[in-house]
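Step one of this worksheet: look at the structure below.
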Amino acid sequence: MKIKTRFAPSPTGYLHVGGARTALYSWLFTRHAGGEFVLRIEDTDLERSTQDAIDAIMDGMNWLNLDWDEGPYFQTKRFDRYNAVIDEMLEQGTAYKCYCSKERLEALRETQMENGEKPRYDGHCRDSQCSHAADEPHVVRFRNPQEGSVIFDDKIRGPIEFSNQELDDLIIRRTDGAPTYNFCVVVDDWDMEITHVIRGEDHINNTPRQINILKALGAPVPEYAHVSMILGDDGKKLSKRHGAVGVMQYRDDGYLPQALLNYLVRLGWSHGDQEIFSIDEMKALFTLEAINKSASAFNTEKLQWLNHHYINHMPAEEVAVYLAWHIEQQGIETRNGPELKDIVKLLGERCKTLKEMAESCHYFYQDFSEFDADAAKKHLRPVARQPLEAVRAKLAAITDWTPGNVHDAIQGTADELGVGMGKVGMPLRVAVTGVGQSPGMDVTVQAIGQARSLKRIDQALAYIAEREAQA
Ligand code: GLU
């Protein structure tokens, strides 16, 4: 049997981390088995579905590189098919028309509530012999079995049983002729030959209803796996308050998709105590059985730790592709400076996110006319003039501009002046970067370039002269 899974988001908001994790689990499961992955947009709720949300879902899936083999299907484009199935069910008697008025249903509900019963349809029209005019308003209901129970073996939670007495006759077509959500899901899973439905635990109550309809249609019943919720680090359901936002926000904040995927796979799934998984490892090792039954708590620090790991362990050329987007956001022109892969190597250790990296690499590309006030106050003092002049002379004399030769120039200056390296390095750092923190001076100065470094040292010397004059 060919494994086939689907991710079926409702486009009523962003693709959030919970949805992305469900998508990842479905995708991994099917990739592990060499099966197929379907993307289906469940846009039957016309009022709440938006094109922006559809775009955000596609952007998120693309950014995470969760590719699909079929789709995207849109439920709103399949209404004819759903209605054809409903018409067949009416003919076969597995569904029936219900003419109960709103008033009758409301009164029924009230009485049931008063008697402490769960509100449910009483089956009034189920076996009614009353004749009705063809154009009389009605809904169509599924004729749910009244005896026995529905049992399914949830791949994560084990056997789950619902008594059919708990399930009333679900409306599958509204008065306006629109098929309802649970019904569309059933027809889709059937038509798309889905073998495994992996979705959020908030759908558990839909599963027995869907199974009953599938059985009535003579359709195969897929396996089900309901994934637990994600909680915030305070134990409450993850929400915007916890910074849980659309997946693309994580891109904007400087996370690598590889890091987010690694984070999400571990959020509720484990393989021993391994923390780092390449995509290929995830595909090779993923099983539904190893998904955790209990809810998982989101932990931003761990995500940052993973991101730092990926920034420093993925090939710098690959990280550079993602960094380029952030550099563009910063409006930095990189043509006359180091290659981005070199920036990744230079700044990777110091940065948890690519946003941070893009924000702290300006000096490799852009000249500046002002120094960071604190750094300048501390390091561009009159005593720094001599070491700066001396190191400038040595740097100017270098014919082969390598980090080693830059290092020798700094070391040589310190030795000649009989001072520690810091007395030369720190003024030089502030002079060439404008700030008090940077990677090692040899690699930094080398990457900034010879002419540019000399020009910036001159600018720092002018600053010191001005300071001297004011003293
Ligand atoms: N459209 C549903 C949701 O976004 C998913 C339904 C399903 O996977 O069956 O929650």
Side-chain angles (χ1 to χ4, degrees), residues 3-30 35-61 64 66 68 70-79 82 150 152 154-157 160 162 170 172 178-214 217 219-230 237-239 244 246-247 264 268 288 291 295:
I3 301 287
K4 212 167 166 193
T5 65
R6 81 307 195 273
F7 177 51
S10 302
T12 53
Y14 299 112
L15 174 61
H16 50 81
V17 285
R21 186 185 60 163
T22 305
L24 174 63
Y25 285 1
S26 283
W27 183 84
L28 284 175
F29 177 73
T30 211
E36 282 175 8
F37 184 58
V38 174
L39 177 62
R40 180 167 88 213
I41 306 291
E42 302 203 321
D43 55 350
T44 46
D45 185 342
L46 299 176
E47 267 167 36
R48 292 177 59 225
S49 299
T50 66
Q51 186 58 43
D52 278 356
I54 294 172
D55 295 345
I57 290 165
M58 307 290 245
D59 288 350
M61 295 293 283
L64 290 171
L66 299 178
W68 54 91
E70 261 182 46
Y73 293 109
F74 291 86
Q75 289 186 323
T76 44
K77 300 224 169 92
R78 290 176 40 80
F79 275 18
Y82 306 137
V150 188
F152 61 96
D154 191 287
K155 291 280 152 222
I156 299 171
R157 284 147 205 277
I160 299 182
F162 286 84
L170 187 75
I172 56 175
T180 57
Y181 167 74
N182 264 303
F183 185 75
C184 300
V185 171
V186 165
V187 177
D188 285 349
D189 286 342
W190 180 28
D191 285 354
M192 294 165 199
E193 298 176 324
I194 302 302
T195 59
H196 292 74
V197 171
I198 300 161
R199 61 183 172 198
E201 66 174 358
D202 45 333
H203 290 281
I204 285 188
N205 287 336
N206 290 332
T207 304
R209 296 181 177 283
Q210 294 180 2
I211 290 177
N212 277 339
I213 301 175
L214 283 163
L217 291 169
V221 177
E223 303 277 5
Y224 291 89
H226 291 94
V227 183
S228 301
M229 273 194 308
I230 300 180
K237 187 169 189 263
L238 193 67
S239 72
V247 158
L264 290 176
L288 295 177
I291 296 177

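Small disclaimer: the values here were computed from a predicted structure and weren't measured. These values consider heavy atoms only, across backbone and side chains, with no hydrogens, waters or symmetry-generated copies. Ligands are counted one by one from 1 in listed order, and the atoms in each one are counted from 1 as well.
- Protein heavy atom nearest atom 5 (C) of ligand 1, with residue, atom name and distance: A8 O, 3.2 Å.
- Residue nearest to atom 3 (C) of ligand 1, selected from E42, Q210, R199, H203: H203 (by heavy-atom distance).
- Looking at Q75, H226, R6, R40 and measuring to atom 9 (O) of ligand 1, the nearest heavy atom belongs to R6.
- Using a 4.0 Å cut-off between heavy atoms, Y181 contacts ligand 1 through its side chain alone, with no backbone atom that close.
- Ring geometry for H203 against Y181 counts as tilted: the plane angle lies between 30° and 60°, on a 0 to 90° scale.
- Proximity of S10 to ligand 1, defined as any heavy-atom pair under 4.0 Å, is shared by backbone and side chain alike.
- Here the closest non-hydrogen pair linking T5 and S26 is OG1-O, 3.1 Å.
- The distance from atom CD1 of I156 to atom CD1 of I204, rounded to the nearest 0.5 Å, is 9.0 Å.
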I would like to know whether R6 and D188 meet salt bridge (charged side-chain N to carboxylate O under 4.0 Å, His left out); could you show each step before the answer? CA-CA 10 Å; R6 81 307 195 273; D188 285 349; over 6 Å; no
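- Looking at K4, its side chain never comes within 3.5 Å of a backbone N or O of V38 through a donor-acceptor pair.
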